[in-house]
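Only one structure is covered here, and it is reproduced in the block below.
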Amino acid sequence: MTWQTPLFLLVATATFAYSAYRFSILFKMMRAHRGKADPLDHIGARIMETITNVLGQKAVLRKKSAGIMHATIFWGFLIITLGTLEQFVSTIYQPANFQFLGDPLYPALVLLQDIFTLSVLLAVIYAFYRRLIVRPEGLGKSKDANIILTLTGSLMVSILLMNGFHLLGEDPWYRAAMPVSNIIASLLNGLGFTPEVNSGLGTFFKWIHMSIVLGFAIYIPSSKHLHIVAAGPNTFLKNLPRERAMRPIRFEDESITQYGAAKVSDLSWKDALDYYSCTECGRCQDLCPAHNTQKPLSPKMLILDLKENMYRNKQKILNGKLEEVSHVIDENVTEDVIWACTSCRACEIACPVFIGHTDKIYEIRRNLVMMESRFPAEVQTVFKNMETNATPWAFSSSDRAGWAEGLSIKTMAEDSHVDVLLWVGCAGSYDDRNKKVLRAFASLMKKAQVKFAILGTEEQCTGDPARRIGNEYLYQTLAKANIETLNRYQVKKIVTACPHCFNTIKNEYKDFGGTYEVYHHSQFIARMIQEGKIKPTKALEETVTFHDSCYLGRWNSVYEQPRSVIQALPAVRMVEMKSNHDQSMCCGAGGGRMWMEEKIGKRVNVVRTEQALATNAGIVASACPFCMTMMTDGVKTKDMQDKVRVMDIAELMDQATP
């Protein structure tokens with residue numbers, strides 16, 4: 001044992017103790033949050049998600065070049081850390097190393113470490129190239145990232161120099177398993193040092209390497225590299241399944257005095273873990289329709305700004321003085337940021353560490369609406385209409401069944417012994433364009449001899465717009481009234497042409513006693529075709545492109561059934577927009593934006609329409625009343641209404657089916 005050994009042991013122990021202390025502070029801040037997190041369930045699925053996305057880097061690799069770079073660094077660190085561990089332990093007690101594995105296991109381990117050391121160094125060089133030369137907008141500028149890359153690159157260089165000099169000074173028995181280090185050694189040999197000097201330099205660079213590792217241990221808790229500790233747990237705790245409901249507020253619980261999040265501490269501990277997990281890669285921002293149309297919302301900056309707010313209130317949170325924590329709405333997270341969100345969840349699909357952006361926005365909206373009455377002026381009319389007419393629009397409930405005039409469709413009050421309830425929705429009931437969609441779908445069900453009925457005037461808005469805007473109380477009032485009606489008729493199976501109604505009834509009514517077998521009309525039509533109940537024979541000599549609804553696709557993973565319906569049309573030519581499936585761009589109407597004025601930047605629906613027009617399709621097909629409205633308006637804005645039609649898949653199928 002040399003004199004350096006006890007000194008190293010002291011420094012290493014102090015470093016890791018200090019690092020552990022800083023991590024404990026982060027953990028205490030996380031635990032101090034008083035909001036509720038989702039329950040821990042689906043343990044088996046969570047374990048598999050963690051294995052495939054942490055060890056397998058599946059989500060990271062969705063973006064090829066950057067993903068390969070990150071995966072190389074990640075896998076490299078796993079392998080190289082074994083060598084680092086060996087260095088630390090053998091420095092304290094020299095016989096403690098992995099050489100007991102013998103041949104061929106130890107040389108194989110050494111070979112992997114040697115190759116990955118070079119691979120990580122090349123990946124770091126590429127990362128610098130992306131940040132300093134290519135400079136993707138989503139990455140932004142980050143001094144922190146440059147420091148981390150510099151430290152990582154220095155680690156790899158120190159290992160290569162350590163190994164190179166070690167080979168020259170010691171000539172170990174496993175040197176044949178170090179091809180990269182052998183090349184380095186041949187270059188260093190030109191310096192003409194004696195074996196003793198080379199051995200000493202090898203030891204010197206070993207100390208350099210271990211010093212950088214200790215520096216990393218100190219730096220990580222306050223850097224973006226914190227994600228290497230937090231991302232694994234955050235992946236395990238990700239929102240499962242994707243078709244999950246928003247968290248309900250238990251209004252009957254009189255102990256609850258705060259609805260939503262007025263302060264960052266009103267959010268949950270899982271939200272804080274999200275902040276720690278953020279890699280600042282910018283993938284969420286790259287897909288965000290609000291950001292891409294010059295709105296003030298960037299999902300990446302939302303997470304970083306909430307994290308900064310939490311750090312700014314660190315002492316108050318740690319000391320339990322939560323009433324003194326500053327408001328969540330500040331100079332960074334403005335009201336315009338919160339109201340710009342369309343709740344499309346593109347950010348969450350893109351995020352490689354599974355951060356839940358939309359939940360945070362929902363909680364902040366709930367506070368603004370229910371606690372502070374701060375919301376866009378036009379929303380007041382929407383709330384009033386929903387309270388008085390059970391619809392976002394100023395129409396009488398007595399007109400709800402007017403769309404079905406002349407179709408001989410019975411209501412549940414007239415005959416409840418049916419195969420399926422057709423949930424019409426507010427758009428199908430009152431919007432002239434979407435009334436045609438419901439008539440076409442009803443026609444298809446009649447052709448397929450499906451026995452169905454509607455609720456007629458007993459149907460009310462599902463409450464989805466109120467809930468997404470932040471008025472949870474109004475949502476629950478409408479939801480419970482609908483559930484009471486549905487349960488009174490003992491409804492088991494429901495089909496609807498509205499993805500928002502589909503998502504709400506299928507996934508969110510369960511929390512209030514409403515459990516049903518729910519289908520979107522695209523699924524129902526696809527099944528009728530598959531079972532041979534409808535047979536399209538009329539040729540459609542047209543090119544069709546399909547626009548994915550966010551609440552059908554990203555919220556409920558329904559992508560293929562609408563396309564299978566279109567592809568079943570004789571002679572149709574289907575083309576995809578550049579952004580499709582889970583990478584599709586939102587129409588701009590979700591999250592209650594359907595009823596809010598779009599005053600900042602370019603209109604989301606116009607940008608999406610431009611993507612549709614770029615396909616040169618004659619028909620833009622949709623499967624959502626909101627999407628149809630937004631895309632139709634977009635086509636008119638581009639003055640293309642005489643060349644391009646916006647049609648629902650039910651209309652296309654009805655026209656093709658005798």
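This is a predicted model, so every value here is computed, not measured.
Asp274 and Asn234 share a side-chain donor-acceptor pair at under 3.5 Å. Side-chain contact check for Glu651 and Gln655: no donor-acceptor pair (N or O, by modelled atom type) lies under 3.5 Å. A donor and an acceptor atom, one from each side chain of Ser397 and Asn389, are nowhere located under 3.5 Å apart.
Contact check on Lys533 versus Glu531 returns a salt bridge, with a Lys/Arg side-chain nitrogen under 4.0 Å from an Asp/Glu carboxylate oxygen. Using a 4.0 Å cut-off between a side-chain N of Lys or Arg and a carboxylate O of Asp or Glu, Arg554 and Asp548 do not qualify as a salt bridge. The existence of a salt bridge linking Arg247 and Asp511 is excluded, since no basic side-chain nitrogen approaches an acidic carboxylate oxygen closer than 4.0 Å. With respect to Asp648 and Lys436, no salt bridge is recorded, no charged nitrogen being found less than 4.0 Å from a carboxylate O. Between Lys435 and Asp431, none of the side-chain N atoms (NZ, or NE/NH1/NH2) sits under 4.0 Å from a carboxylate O, so this pair counts as no salt bridge. Comment: Lys384 does not engage Glu387 in a salt bridge, judged by the lack of any side-chain N to carboxylate O separation of less than 4.0 angstrom. Arg593 has no carboxylate O lying under 4.0 Å from a charged side-chain N of Glu598, or vice versa, which leaves the two without a salt bridge. A salt bridge between Arg244 and Asp359 is present, with a side-chain N of the basic residue lying under 4.0 Å from a carboxylate O of the acidic one.
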Handout entry: Steps toward side-chain hydrogen bond (donor to acceptor under 3.5 Å, both in side chains) verdict (Asn482, Tyr509)
Key = CA-CA 9 Å; Asn482 281 324; Tyr509 275 16; 3.2 Å; yes

Problem - Derivation and outcome, ring pair (Phe, Tyr, Trp, His ring centres under 6.0 Å), residues Phe502 and Tyr519 - result: CA-CA 7 Å; Phe502 168 69; Tyr519 295 91; 8.4 Å; no

Exercise for the section: Starting from the C-alpha separation in whole Å, work towards a yes-or-no answer on side-chain contact (heavy atoms from CB on, under 4.5 Å) for Arg645 and Glu542. Expected result: CA-CA 11 Å; Arg645 291 180 291 165; Glu542 191 62 84; 3.9 Å; yes

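Each of Arg603, Lys638, Lys578 was checked for a salt bridge (charged side-chain N to carboxylate O under 4.0 Å, His left out) with Glu610, and the lone residue meeting it is Lys638.
With sequence neighbours excluded, no residue satisfies ring pair (Phe, Tyr, Trp, His ring centres under 6.0 Å) with Tyr362. Ala394 is linked by a side chain to side chain contact (heavy atoms under 4.5 Å, CB included) to Asn385, counting only residues two or more places apart in sequence or in another chain.
Between Trp595 and Trp393, the ring planes are tilted. Angles from 30° to 60° get that label.
Remark: Arg468 qualifies as a cation-pi partner of Trp555 under the 6.0 Å distance and 45° angle criteria applied to the six-membered ring. For the pair Arg439 and Trp403, the cation-pi criterion (under 6.0 Å, within 45° of the ring axis) is not fulfilled.
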Hey, can you pull the donor-acceptor pairs under 3.5 Å for the side chains in residues 626-633, sequence neighbours left out?
residue, atom, partner, partner atom, Å
Thr629, OG1, Pro625, O, 3.1
Thr632, OG1, Met628, O, 2.6

